[in-house]
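FYI, side chains are in, hydrogens and waters are out, and symmetry mates aren't considered; it's all heavy atoms of this structure.
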Amino acid sequence: QVQLVESGGGLVQAGGSLRLSCAASGRTFSSYAMGWFRQAPGKGREFVAAISRSGVGVLYEDSVKGRFTISRDNDKNTVYLQMNSLKPEDTAVYYCAVGNTAYPYSASEKYDYWGQGTQVAVSS
């Protein structure tokens, strides 16, 4: 059974930083891409970033390019999302997901398993 546990969310002022972590178990972590998605209040879930199984290939949603960095440590079965220069519009519940391919995609149907989410709130 695949389990994903996110951590690192919290309340931060605009311009601040947070680092999210997602620890995975129950699947050969290094064989699959990983992704981060988010869902703001009253909105649908949207893609944020994804990383290939090797960590070489990355993909970002346009609004987070240059501010967020996705990375992974296959020895620790963990994927990270470093978020800098945070804006109030980044406020959302952030979810990590395990891909069903080796390559990063933005489409949610390319991901099989999802974590419970961690709340990020950015105050102005």
Side-chain angles (χ1 to χ4, degrees):
Q1 184 176 354
V2 176
Q3 288 190 322
L4 300 170
V5 179
E6 300 100 334
S7 61
L11 174 63
V12 65
Q13 287 189 330
S17 299
L18 285 173
R19 188 194 195 202
L20 306 184
S21 300
C22 174
S25 62
R27 176 178 259 194
T28 306
F29 180 78
S30 60
S31 295
Y32 299 96
M34 297 291 294
W36 285 97
F37 291 75
R38 65 187 179 186
Q39 187 165 15
K43 296 187 177 180
R45 184 170 57 194
E46 68 171 358
F47 170 75
V48 176
I51 188 166
S52 67
R53 66 176 180 176
S54 67
V56 172
V58 293
L59 186 64
Y60 294 98
E61 193 270 329
D62 285 347
S63 70
V64 307
K65 284 180 181 177
R67 300 189 298 122
F68 291 10
T69 302
I70 188 170
S71 61
R72 66 190 295 162
D73 185 336
N74 286 342
D75 290 335
K76 296 182 178 179
N77 287 359
T78 301
V79 63
Y80 305 97
L81 186 68
Q82 177 67 45
M83 305 186 296
N84 298 329
S85 302
L86 282 161
K87 304 176 181 180
E89 52 263 43
D90 295 318
T91 295
V93 177
Y94 283 71
Y95 299 90
C96 71
V98 181
N100 51 37
T101 77
Y103 305 102
Y105 290 96
S106 61
S108 59
E109 56 263 30
K110 293 293 188 181
Y111 297 86
D112 282 341
Y113 299 96
W114 299 79
Q116 295 294 317
T118 185
Q119 176 72 54
V120 171
V122 185
S123 63
S124 57

R45 side chain to Y95 backbone, donor-acceptor under 3.5 Å: no

R38, CZ atom: more than 12 neighbouring heavy atoms under 6.0 Å: yes

Exercise: identify the closest heavy-atom pair between G26 and V2: O-CG2, 3.8 Å

W36-F68 aromatic ring centre distance below 6.0 Å: no

Rounded distance [0.5 Å steps], CD1 in I51 versus OH in Y60: 7.0 Å

Evaluation steps, side chain to side chain contact (heavy atoms under 4.5 Å, CB included), between V48 and M83: CA-CA 11 Å; V48 176; M83 305 186 296; over 6 Å; no

Nearest-0.5 Å distance that lies between atom CZ in F29 and atom CE in M34: 4.5 Å

Connected via hydrophobic side-chain network under 4.5 Å: V64 and V79: yes

Residue pair N100 / Y113, side-chain heavy-atom distance below 4.5 Å: no

pair L59-F47: side-chain heavy atoms closer than 4.5 Å: yes

Pair K87 + D90: basic N to acidic O under 4.0 Å: no

Pairing residues for Q82 by the side chain to side chain donor-acceptor pair (under 3.5 Å) criterion, not counting sequence neighbours: N84

Side chain to side chain, L81 and R19, heavy atoms closer than 4.5 Å: no

Heavy-atom donor-acceptor pair, Y105 side chain to A50 backbone, under 3.5 Å: no

Heavy-atom side-chain proximity of L20 to E6 below 4.5 angstrom: no

hydrophobic_cluster_shared for Y80 and V98, side chain cutoff 4.5 Å: no

Main-chain N/O of S52 paired to R72 side chain as donor or acceptor, under 3.5 Å: yes

Flag if over 12 foreign heavy atoms under 6.0 Å of CD, E89: yes

Heavy-atom pair of closest approach, residues V58 and G55: CG1-O, 4.3 Å

Euclidean distance, R67 CZ relative to S17 OG, rounded to 0.5 Å: 10.5 Å

Rounded distance [0.5 Å steps], CG in D73 versus OG in S30: 11.0 Å

Rounded distance [0.5 Å steps], CG in L11 versus CD in Q119: 9.5 Å

Common cluster, F37/V93, ILVMFWY with side-chain heavy-atom separation under 4.5 Å: yes

CG on L4 to OH on Y111, rounded to 0.5 Å: 12.5 Å

Exercise: identify the closest heavy-atom pair between S124 and A14: CA-CB, 4.3 Å

Full working for side chain to side chain contact (heavy atoms under 4.5 Å, CB included) between S123 and Q13: CA-CA 5 Å; S123 63; Q13 287 189 330; 3.7 Å; yes

